[in-house]
Protein chains: 2
Amino acid sequence: MIIIDYTDRRPIYEQIVERFQSLVLCGVLEKDAPLPSVRNLAMELSINPNTIQRAYTELERRGVIYAVKGKGNFVADMQAARALREKEVKEEAGRLVHKAKEAGMTKEELNGLLDSLWQDNKTGASKQGVGGEADD
Amino acid sequence: MIIIDYTDRRPIYEQIVERFQSLVLCGVLEKDAPLPSVRNLAMELSINPNTIQRAYTELERRGVIYAVKGKGNFVADMQAARALREKEVKEEAGRLVHKAKEAGMTKEELNGLLDSLWQDNKTGASKQGVGGEADD
DNA sequence: CCAACTGTACTAGTATACTTAATACAGTTT
DNA sequence: AAACTGTATTAAGTATACTAGTACAGTTGG
């Protein structure tokens with residue numbers, strides 16, 4: 001369910017946050033579904049429980065999950081996660097437009113690019129992974 | 001010409017790289033124009049020359065500038081920088097489409113968002129008249 | 001030639017963020 | 001009470017960004 005990409009420059013806890021947020025948005029994890037316990041997931045991923053805890057704390061801060069002491073962490077209402085994603089989309093879109101202009105692209109070219117990407121990229125697909133494995 | 005944002009989480013050298021790349025793309029810095037010397041810019045920004053050197057090395061790797069030992073660093077052909085930007089745009093657009101779908105947005109909503117951002121976000125990169133798109 | 005400028009390379013130290021580790025405490029369930 | 005759950009704290013290891021100092025190499029102009 002959760003895969004850590006060690007070639008990713010982003011910290012582990014951030015990858016976990018992103019991944020769970022995606023799983024909630026895709027509907028894989030439904031409302032009130034329990035997340036793996038901090039210690040369990042840490043063992044499964046062979047990382048420290050503190051790192052998981054940090055990710056869960058951030059997810060709770062974002063409203064994607066809620067925690068109940070003694071019971072576990074559970075998926076919150078999807079709307080919170082969806083709203084966050086929409087905010088992220090707006091921020092990223094701003095940067096994208098800026099860069100596209102610097103690259104000398106026209107509005108039509110950008111629209112065309114987005115259009116073709118919209119076809120390729122299937123929403124619920126497991127293509128979420130950053131893809132590409134690298135070894136060292 | 002160069003401003004460091006210490007509230008930015010990205011490292012200084014990366015900001016410098018991004019800034020110079022933008023200046024080249026915007027046409028502010030023309031081909032073969034000299035960049036500030038490593039020591040000069042370091043003094044001006046009150047940071048270490050090594051940090052500037054690191055930024056310049058990265059810019060050279062990207063093909064945005066070229067270095068001549070004993071003389072200085074100079075702006076390379078804009079095409080290289082522009083091609084790189086276009087590649088970046090494609091990568092970012094891919095991530096954007098994915099997130100937009102997760103946020104439950106439709107293709108039309110994303111197009112509309114990009115469209116409105118295109119108006120707001122002015123960039124001096126319009127060297128040759130790409131203009132002509134219909135706006136009202 | 002030589003001083004003063006340029007880029008380049010290298011080592012060492014510091015600061016911060018990420019991660020691990022161990023421990024302790026609090027609440028739930030059986 | 002035992003075995004789970006979340007939560008908090010402190011310490012230590014590691015990687016990266018940055019600073020600092022030094023040294024070397026090439027260019028330029030007096």
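Within every chain, numbering begins at 1; the chains are lettered A, B, ... in the order of the sequence lines, protein sequences first and strands thereafter. Remember, predicted model here, so these are calculated numbers, not experimental data. Values below: every heavy atom of this structure, side chains too, minus hydrogens, waters and symmetry copies.
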Query - Stretch residues 3-21 of chain B: residues that reach within less than 4.0 Å of DNA chain D through a heavy atom - result: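 Here the set is B:P11, B:I12, B:Y13.
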
Requested in this report: Name all residues meeting the side-chain hydrogen bond (donor to acceptor under 3.5 Å, both in side chains) criterion together with A:N50; count only those two or more places apart in sequence or in a different chain, and write none if there are none.
Outcome: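 If we apply the side-chain hydrogen bond (donor to acceptor under 3.5 Å, both in side chains) test to A:N50, skipping adjacent residues, the hits are A:N48.
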
Report task. Anything under 4.0 Å to a heavy atom of chain A counts; send over the first and last such nucleotide of DNA chain D, read 5' to 3'. Result ->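 Going 5' to 3' along DNA chain D, contacts run D:dT5 to D:dT9.
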
Query raised in the report: Is it true that A:E91 and A:R95 have a side-chain N and a carboxylate O under 4.0 angstrom from each other?
Result: no

Has [X] got more than 12 heavy atoms of other residues, nucleotides or ligands less than 6.0 Å from its [atom1]?
X     : atom1 : value
A:K71 : NZ    : no
A:K31 : NZ    : yes
A:K90 : NZ    : no

Report task. Could you check how far OH of B:Y56 sits from P of C:dT8, rounded to whole Å? Result ->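 Rounding to the nearest Å, OH of B:Y56 and P of C:dT8 are 11 Å apart.
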
Query raised in the report: Which whole-number value in Å describes the distance from A:N50 CG to C:dA24 P?
Result: 15 Å

Query raised in the report: Which pairs with one or both residues in residues 23-50 of chain A pass ring pair (Phe, Tyr, Trp, His ring centres under 6.0 Å), sequence neighbours excluded?
Result: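 Residue pairs passing ring pair (Phe, Tyr, Trp, His ring centres under 6.0 Å), neighbours aside: none found.
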
Requested in this report: Select from A:G70 and B:P36 the residue whose nearest nucleotide in DNA chain C is closer to the 5' end of that strand.
Outcome: B:P36

Query raised in the report: Contact class for A:R39 (heavy atom, under 4.0 Å): base, sugar-phosphate, or nothing?
Result: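 Since a base atom lies under 4.0 Å of A:R39, the category is base.
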
Query raised in the report: Partners of B:D77 by salt bridge (charged side-chain N to carboxylate O under 4.0 Å, His left out), sequence neighbours excluded?
Result: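 Salt bridge (charged side-chain N to carboxylate O under 4.0 Å, His left out) check on B:D77 returns nothing, list empty.
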
**Report entry** Side-chain N or O of A:K71 closer than 4.0 Å to phosphate OP1/OP2 of C:dT29
**Finding:** yes

Report task. Quick one: name the residues clustered hydrophobically with B:L84, using the 4.5 Å side-chain heavy-atom rule over I, L, V, M, F, W, Y, and just say none if it's on its own. Result -> none

